[in-house]
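Numbering of ligands and ligand atoms starts at 1, following listing order. Note that the structure is predicted; figures quoted are calculated from it, not measured.
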Amino acid sequence: MADKVVLAYSGGLDTSVAVTWIQENYGLDVITLTIDVGNEKDFTAVKEKALKVGAIKALVADVKQSFVDYFIFPALQANALYEGQYPLATALSRPLMAKLLVDTAQEEGATAVAHGCTGKGNDQVRFDVGINTLAPDLRIIAPAREWGMTREETIAYAQKHNIPVPITVSSPYSIDECLWGKAIECGVLEDPWVEPPEDAFTWTKSADQTPDKPTYVEIGFVKGIPVSLDGRPMNGIDLIMELNEIAGNHGIGRIDHIENRVVGIKSREIYEAPAATVLLQAHRALEAMTLSKDQLRFKEKVTLEYSDMVYNGLWFSALNRDLSAYIISSQRSVTGTVRMKLFKTSASVAGRKSPRSLYNLGLATYDKGDQFDQSAALGFIHLWGLSAKNQAQVQILADVEGPLSIMAHREQEENEA
Ligand code: ARG
């Protein structure tokens, strides 16, 4: 009996070809593992296809709940956005897939695991680093990184080996989907000057197709985790799926980004992430109300580090554990409700409330009931501006004549530059 390998199997062309290719080139028996992270698919058909192309066993794992609880919602609490743009959908799913590959290999007594990533992307990094971290002795096979076939050659290989070539292969795009969003690459999108054609989008409507009336949704959070929609308590999976529908219908969540990959390439990435866009905005709005100025500023730094850590494939790291400890602690008071207005491709905050709100009407109001002691401002301003005033007298005003000194400085510096 041959040794076994567990292959992460999507049912697409590359991973189907990989089943045969691994058998031919490595002499291993292939067990496929198809992982449901909310990528709508007919998993029965995928399973049948795996067996048809030669897998000795075809497994399907629905991990949507773990994905939401241990990956998506922690990232939401962190406000994670890579380079301020990308909600990290694919990047969050890969470490979970790596973990499942490792666990399945152990259960099935396999000596190797395999995935369909090429050698140019981030996903190979996330898979390989994750697998190496969890199971350093497990061999990793990445056929698409090794075989050196072009798209046409892969199709020819498939035809030669009776591997069904799906009609969708004619689709000009490479697509990766999960609950948190969809990534669209390749084809005309590789030219950053070309506006993404409408057919690249399937989760979001274009502006001219969206309703003429806004939809309002009330998102209830407990400690930074969304738990209800319009007052209805909801499981995270359903909440995200419903928001993807509602916000997608208003054309919200299209993202066009020139992204810095881990392997040094800049790539043009198109995303659709309606639920992520709305939830990240709502979560930030609630934090603005429930965290202090200092907490908010410190958390911005944590957000940046956390987003890079996830993107760069370092999920299973001590850094993740440390940052997560801070993030969880920061969410103690992030409880309340945010009302979002969804209209014509944009989401905006229409209202927010929290039992832990730091917004104090008695301090903020200009109407009656004002409790703010305005006379105290004088002494505060005197000390607050003291150092600037002192420095201006000794250095700034002395250097340049007249009251327009800052503009004069600018001219001086521009002349010197
Ligand atoms: N650029 C994104 C990322 O690195 C999306 C990658 C999409 N992956 C894919 N296999 N098509 O996370």
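- By the criterion of a heavy-atom distance under 4.0 Å, the side chain of Glu259, and not its backbone, is placed next to ligand 1.
- Comment: Asp123 does not engage Arg261 in a salt bridge, judged by the lack of any side-chain N to carboxylate O separation of less than 4.0 angstrom.
- Looking only at protein heavy atoms, the nearest one to atom 12 (O) of ligand 1 is Tyr86 OH, 2.6 Å.
- Nearest protein heavy-atom contact of atom 11 (N) of ligand 1 is Glu185 OE1, 3.2 Å.
- Using a 4.0 Å heavy-atom cutoff, Tyr271 is listed among the residues neighbouring ligand 1.
- If you number the atoms of ligand 1 from 1 as listed, the ones under 4.0 Å from a heavy atom of Ser174 come out as 11 (N).
- Scanning for side-chain contact (heavy atoms from CB on, under 4.5 Å) contacts around Gln23 gives Val19, Val30, with sequence neighbours left out.
- Counting atoms of ligand 1 from 1 in the listed order, those under 4.0 Å from a heavy atom of Asn122 are 3 (C), 4 (O).
- Residue pairs satisfying the side chain to side chain donor-acceptor pair (under 3.5 Å) criterion with at least one member in residues 70-80, sequence neighbours excluded, are listed as follows: Asn79-His283, Asn79-Glu287.
- Ligand 1 has at least one atom lying under 4.0 Å from a heavy atom of Arg126.
- Among Ala183, Cys117, Gly181, the residue whose heavy atom sits closest to atom 5 (C) of ligand 1 is Ala183.
- Atom 10 (N) of ligand 1 has Asp123 OD2, 2.9 Å as its closest protein atom, hydrogens excluded (heavy atom only).
- For the pair Arg268 and Ile258, the minimum side-chain heavy-atom distance is below 4.5 Å.
- In this structure, Tyr86 has its ring center at least 6.0 angstrom away from the ring center of His257.
- Ring centroids of Phe67 and Trp180 are separated by 6.0 Å or more, keeping the two rings apart.
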